[in-house]
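For reference, the structure is listed below as structure tokens.
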Number of protein chains: 2
Amino acid sequence: MAKRGPYEKGEAKRTEILHAALEIFAAEGYRGTSLRKVAARCNLSLPGLMHYFSSKEDLLTQVLRMRDETARVRQTERTGEPSYRDIIREGAQTPGLVELFVSMAAAASDPEHPAHAHFAERYPVLRERVAGYVRQRMDEGRLTTEIPPERLAVLLLALADGIQLQWLIDRSTDMEQPIDDVFRLLAVGRDGGGEAPEPERE
Amino acid sequence: MAKRGPYEKGEAKRTEILHAALEIFAAEGYRGTSLRKVAARCNLSLPGLMHYFSSKEDLLTQVLRMRDETARVRQTERTGEPSYRDIIREGAQTPGLVELFVSMAAAASDPEHPAHAHFAERYPVLRERVAGYVRQRMDEGRLTTEIPPERLAVLLLALADGIQLQWLIDRSTDMEQPIDDVFRLLAVGRDGGGEAPEPERE
DNA sequence: GTCTATATAGGGATAGAC
DNA sequence: GTCTATCCCTATATAGAC
């Protein structure tokens, strides 16, 4: 029979733990999450879990890393290019994730927080990614050049984060409407009062 | 000598505790804050503190209440009308406060969270307040009516929250620039490419 | 690779003295 | 109004058996 690699089972369990931890961190926050609960979700005792991750902090950072990794892969697979709207859509599909990232981002503003480095590195990357997308749209003549790409990227990211925060508290909030609205304002050839072309949905 | 009211000293201490708690909740989050630490900051023992507040949850809700109250009063004193930009400015002056509200808002999305009710009530009020401000500007002909006031309010609030979140992580973020930018986009009489009037700074 | 048992620390909350 | 002392719970992390 097929001989399995030496770490076959361990790797599978590791991944299982990461997914369970993601869910629970999202639901309870970093401090609110107990490793026991994560362990139990994986039919493991606490020391069993700590065989894979040396500390709670270690677990968190690896969860965040995995999260960004899968998001990146999924995006590239689909379009070859990251789409700004995907950031929003993804959130809507997995509520807990939005909460995880918003609350983590806030908590991580403390330089002592285990996730500080992660978010400090992540934002500039996101900004540059969105700026690139915006620049391309401008080159194609589909977006006003009134606001420089870098500044517009900050604005769009802020809008995305903020609308997700509002949605967290009031689930009836329409997350796509404000995005549509701002793209309408940004469309070229508008005159400030009349009909504007429906912006494309991506 | 002047006879003090029966609760003179108690009220002063109460207020002192609320201010200390605000700071510490902001720095450490709800779960991360220990009542002992709050007590120590006020030169009090834990039971000393619990003489004033029956539980940690009680303390949190009263902190949030006080916070909104003072913000409201300050606004009304200054202009008689709430200004959208004040929301941002206020945040910039007291960093911990931004973190408190963003992280609390995220954590409070859980209906079980002690602050859930507070935020659930707060957002609609803010939205209506901003919508009123927007409506007035539209009536004066200083703002495009392309987007209805209620929808624009959602967008502006999201932008404010989001930019504060970005600023939490990267303190070099300019919190006023995106606000200026969006108001420029919203100004009437623009043509989508040329010079736009500098939006007023209030 | 996973367990039981335990060390160590800290949390919220209460009883009862002063 | 404030204290000391204490209860009981839960947390992370480790030691050492299987």
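Both backbone and side-chain heavy atoms feed into the values below; hydrogens, waters and symmetry mates do not. Order of the sequence lines fixes the chain letters, A, B, ..., with proteins taken first and strands second; residue numbering starts at 1 for each chain.
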Checklist entry - Rounded to the Å, how far apart are A:Met50 CE and C:dC3 C1'? => result 15 Å

Next on the checklist: Distance check needed: C:dA13 P versus B:Glu57 CD, whole Å only.
Outcome noted: 9 Å

Checklist entry - How close or far is atom C1' of D:dC3 from atom CG of B:Asn43, stated in whole angstroms? => result 14 Å

Next on the checklist: One pair to check against side-chain hydrogen bond (donor to acceptor under 3.5 Å, both in side chains): B:Gln177 and B:Asp181. What are the steps and the verdict?
Outcome noted: CA-CA 6 Å; B:Gln177 182 71 67; B:Asp181 286 338; 3.1 Å; yes

Next on the checklist: Just the rounded figure in Å: distance from P of D:dT4 to CG of B:Leu49.
Outcome noted: 14 Å

Checklist outcome for this item: Side-chain atoms of A:Leu44 come closest, of C:dA13, C:dC3, D:dT2, to C:dC3

Item to check | salt bridge (charged side-chain N to carboxylate O under 4.0 Å, His left out) partners of residues 41-66 of chain B, not counting sequence neighbours, each pair once | outcome: B:Glu23-B:Arg41

Checklist entry - Does B:Thr15 offer a backbone N or O that forms a donor-acceptor pair with the side chain of B:His19 under 3.5 Å? => result yes

Checklist entry - Does the A:Gln166 side chain pair with the main chain of A:Thr173, one donor and one acceptor, at a distance under 3.5 Å? => result no

Checklist entry - To the nearest Å, how far apart are A:Leu59 CG and D:dA11 P? => result 15 Å

Report, one pair per line, the protein and nucleotides 4-9 of chain C atoms (nitrogen or oxygen only) whose separation is under 3.5 Å.
none

Next on the checklist: Can you measure A:Leu35 atom CG to D:dT14 atom C1' for me and round it to whole angstrom units?
Outcome noted: 13 Å

Next on the checklist: Could you measure the distance from the CD atom of B:Glu16 to the CG atom of B:Leu44? Nearest 0.5 Å is fine.
Outcome noted: 8.0 Å

Item to check | Donor on one side chain, acceptor on other, A:Arg129 and A:Tyr133, under 3.5 Å | outcome: no

Checklist entry - When the distance from CG of B:Asp58 to P of C:dT14 is rounded to whole Å, what number comes out? => result 12 Å

Item to check | Phosphate contact (D:dT10 OP1 or OP2) by A:Ser34 side-chain N/O below 4.0 Å | outcome: no

Checklist entry - Can you tell me how far P of D:dG1 sits from NE2 of B:His51, to the nearest Å? => result 4 Å

